[in-house]
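When a ligand or atom number is given, it counts from 1 through the structure's own listing order.
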Amino acid sequence: MVTEIRVEKVETSKINTVNFEHLPFGKIFTDHMFECDFVNGEWQQPVIKPYGPLQLDPSARVFHYGQAVFEGMKAYKDDNDNILLFRPHENYLRINISSKRLAIPEFPEDYFFEGLKTLLHLEKDWIKKGRGNSLYIRPFAIASEGAISASPAENYKFMIICSPAQSYYEEEVRVLFSEKYSRSADGGVGFAKAAGNYGAQFYPTSLAQKQGFQQIIWTDASTHEYLEEAGTMNIFFRIGDTLITAPSNDRILDGVTRKCVIQLAEDNNMEVEIRRVRVAEIKEAAKNGTLQEIFGSGTAAVINPIAGFGHGGETFELPKLENSYASFFKEKLMDIQYNTGVDDIHGWCYKV
Ligand SMILES: *Cc1c(COP(=O)(O)O)cnc(C)c1O
């Protein structure tokens, strides 16, 4: 058990050099970082220290075999200066699910929460009030042992870094339904936030971007007939008034935002179907005018409406709705995230 995390503070904060009105996503980091090493079969005493480069052996397995996992979460500030997290236990559980699949030792719960709380209190000035502002939190674990035999490492590092963020993906997003490339396969690591899942998407995504689409919706690897998810978001379709999303499984990441959307839909007596979604069905609904919306769900953008999609050389535009489900869910979720006086009946908001 840790009771207190050792903290080495920076001499001067760099916060005054940061323009919080124009934050490029994920490029600016706060003053401190959390670091914990796994050696001799144990997680050692964690420290929080000035943010800065790591020294790693070039033979560290993370560079050669991609033995690395991460999480993405956000801290918010309410009008009373409380620091808030959103369902952080889910992220804690999920990084250990990811770690297990990548043969990385699981990280202790008290280290995770003590580390996170200490770090967030230290960086509280980096969390700006106001809807849309947040501190993006990136916990990750890497195989740090210098040894290039293709086997799990003996030594690991678990770290948490933080980056101030404004609302994300404001521009219109058009997506390409994948016909050739795949993100994940049965029995693979699609359900894990494993580093390699993301690196492998960059090339196909760059091809899609050349065709005018910002992102890809991945389809099942064996037939490419079923829609699964986007690169960092789960995907919802609204046909008529029914909300449809694919079931999470070993190819699809079990998103926290996705689970919340399903819960909110049920709380509000909306029709929800959790089932496989055929590409042909969505194209048909787009053609006959019953496809109302497509939107992504994920921590970074919360809810990301999709303006149109392409498949098989055809492109489709989605209607611009006044009262979209996407904006309904986004507002509901942000009310809880920013603690703006709503009933948080499921206890999702977590005061740090
Ligand atoms: C992180 C992620 C999501 C969204 O998960 P949230 O918990 O809602 O942030 C969806 N799909 C993939 C592939 C992801 O990496």
May I ask you to check if ligand 1 and [X] share an N or O to N or O distance below 3.5 Å?
X      : value
Gly72  : no
Glu229 : yes
Arg94  : yes
Thr299 : yes
Lys193 : yes
Arg183 : no

Closest heavy-atom approach to atom 5 (O) of ligand 1 among Ala230, Gly231, Gly255 is made by Gly255
Starting from [atom], what is the nearest protein heavy atom, named by residue and atom, and what distance separates them?
atom                    : value
atom 6 (P) of ligand 1  : Val256 N, 3.5 Å
atom 4 (C) of ligand 1  : Thr232 O, 3.6 Å
atom 8 (O) of ligand 1  : Thr257 OG1, 2.6 Å
atom 15 (O) of ligand 1 : Tyr198 OH, 2.4 Å

Across all chains, not counting sequence neighbours, the salt bridge (charged side-chain N to carboxylate O under 4.0 Å, His left out) partners of Glu271 are none
Checklist line | Any donor-acceptor N or O pair under 3.5 Å, side chains Gln263, Trp348 | finding: no
**Message:** Is there a side-chain contact between Cys260 and Phe86 in this structure, where contact means two heavy atoms from C-beta onward sitting under 4.5 Å apart?
**Reply:** yes
Quick one: does Glu71 get a heavy atom under 4.0 Å from ligand 1?
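Outside the 4.0 Å threshold, so no.
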With Asn197 via side chain to side chain donor-acceptor pair (under 3.5 Å) - residues at least two apart:
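Result, side chain to side chain donor-acceptor pair (under 3.5 Å) vs Asn197: none returned.
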When you check the gap from the basic side-chain N to the acidic O, do [X] and [Y] get nearer than 4.0 Å?
X      : Y      : value
Lys9   : Asp31  : no
Glu284 : Arg278 : no
Glu228 : Arg251 : yes

Could you label the plane-to-plane angle of the Tyr51 and Phe29 rings as parallel, tilted or perpendicular, counting under 30° as parallel and over 60° as perpendicular?
->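 Correct class here is parallel.
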